[in-house]
Amino acid sequence: MSTFKCDKKTEDLIGQLCGELKPVSPRCPYKRIIFWLIGSAIYLAVVVAYLGLRPDFVERLSDAKYLYEMGLGFSILMASAFASSWLCFPDCIQRGWMKVVAVTLFFSFSLWVVAQSIGEGMGLTDTMHLGHCAKEGMLMEGIPILALIVLTMRGNTTQPYWSMAMNIMAVSSLGWIGLRLTCSMDVMGHSLFNHILPIAIIGAGLGFFARKLFKW
Amino acid sequence: MAQHHQNQSEQWQEWAIAAQAGDKAAYAKLLGELAPYIKNTIIKTLSNQDAAEDIAQEVLISIHKSLDTYQPDKAFKPWLMAIVNFRRTDYLRKHYSQRQDKTTTMDENPEFIASNVTNSAHAGELKDIEAALRSLPEQQQRIFKMIKIEGFTTAEVANEMNMNESAVKVSAHRAMKKLQGLLK
């Protein structure tokens, strides 16, 4: 961390910066996020193994709706994670399309969730799962979100709110995939309120601190 | 002109790549050229010279901190401008949030007005106008100021100066013509 202050004359500052120059390798935009994806996948696998796969998992694999939701969740995870990685670069605006892809996928997913919820009903009568899934979701998402925030803090983002939004989208997708592997309740209203809403609320709260968290 | 900008950008790109490899001389050249460029860029949207200097220095520090994020195969200027815009926005956000509890009247604080409100680029023009106005006969000066600056009507000025209205109009018109001639 540099200790320069702006009360020096510009010439002195330049001299000091040159004196502190050390060779650096251009940062690879994908390296850190690939490590995060691999680490998160391993962590999720461990948590899912600990909690146990849903009993009807094999049957679900032949259900197109289930596979579509999982596929969409995986796509959002990848798109938002890579967008988050690019947002750690000051000139991320040159890759603005990455955010667009992630947000478009997210809206497709939201529309799907809303449409399914209207069709199926909210499914809130089964209170057995209330709170239970939210806790499991936190277990699946807690460490990955902390890791991703640390990665972003070590970056140099010029769009802190977008960075936080992409981080939350990536982690909530990860949690979604994990909960669909462990929770046997397929009613969309339940997924909406117990799988997505808790992380969405936490994400919105973290969003207020994005600029301070990602200051550099 | 466009060719010059392209050459300049390519030169900066070369120096930035050399700086990433640890070349201090190239880095000094890069920062030395960037400092006035950044300041000039900022001064176009901020009239405060001191603030522009501060932001320019913040940008130089940010460049230093994020040198490894510059991709050698990409153009240098978009990377630089992203940092400049980010730091300028940061400054403006702080500036406006701090201004909420700081109010001043124009009469109480002429130094503040001179440094923050009057665009320094226009200060020269203002002085020229004042000098031209001083060169007019005293009566014409007074009539011109009352009508054009203070907003009195010709009837009010005529009443104030014990003149008839048409004489006031003629005097104001002549003053305007003389000023136009002097300021061409």
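Letters go in sequence order (proteins before strands), and every chain restarts at 1.
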Shortest non-hydrogen contact from [X] to [Y]?
X: B:Ala51; Y: B:Leu46; answer: CB-CD1, 4.5 Å
X: A:Gly178; Y: A:Leu44; answer: CA-CD1, 3.9 Å
X: B:Ile43; Y: B:Ala52; answer: CD1-CB, 3.6 Å

**OP:** Under 4.5 Å, counting heavy-atom pairs only, tell me which of B:Ala35, B:Gly32, B:Ala82 racks up the most with chain A.
**Re:** B:Ala82

Original post:
If you tally heavy-atom pairs under 4.5 Å against chain A, which of B:Met81, B:Arg87, B:Gln71, B:Arg93 wins?
Top reply: B:Arg93

Original post:
Do any of residues 17-31 of chain B come closer than 4.5 Å to chain A, heavy atom to heavy atom, and if so which ones, in number order?
Top reply: B:Ala19, B:Gln20, B:Ala21, B:Gly22, B:Asp23, B:Lys24, B:Tyr27, B:Ala28, B:Leu31

**OP:** For this output row, return yes or no: ring centroids of B:Trp79 and A:Phe89 closer than 6.0 angstrom.
**Re:** no

**OP:** Would you confirm whether the ring centroid of B:Trp15 sits within less than 6.0 angstrom of the ring centroid of B:Phe76?
**Re:** no

Original post:
Non-hydrogen atoms of chain B under 4.5 Å away: do they reach the side chain of A:Asn156, the backbone, both or neither?
Top reply: side chain

Subject >> Interface moiety of A:Thr158 toward chain B, non-hydrogen atoms closer than 4.5 Å >> reply: both

**OP:** For A:Thr157 and A:Ser163, run side chain to side chain donor-acceptor pair (under 3.5 Å): C-alpha distance rounded to whole Å, both residues' side-chain angles, the deciding distance at 0.1 Å, then the answer.
**Re:** CA-CA 7 Å; A:Thr157 184; A:Ser163 283; 3.1 Å; yes

A side-chain contact here means heavy atoms from C-beta on lying under 4.5 Å apart; do [X] and [Y] qualify?
X: A:Phe106; Y: A:Ser80; answer: no
X: B:Ile38; Y: B:Leu80; answer: yes
X: A:Arg95; Y: A:Leu87; answer: no

Subject >> Proximity breakdown for B:Lys74 and chain A, heavy-atom pairs closer than 4.5 Å >> reply: side chain

Subject >> Part of B:Thr89 lying under 4.5 Å from any heavy atom of chain A >> reply: neither

**OP:** Flag yes if more than 12 heavy atoms outside A:Arg154 fall under 6.0 Å of its CZ atom; otherwise flag no.
**Re:** no

Original post:
Which of the residues A:Gln94, A:Lys215, A:Gln159 is involved in the greatest number of heavy-atom pairs with chain B at under 4.5 angstrom?
Top reply: A:Gln94

Original post:
Top residue by heavy-atom pair count (under 4.5 Å) with chain B, among A:Cys28, A:Pro90, A:Cys88, A:Pro29?
Top reply: A:Pro90

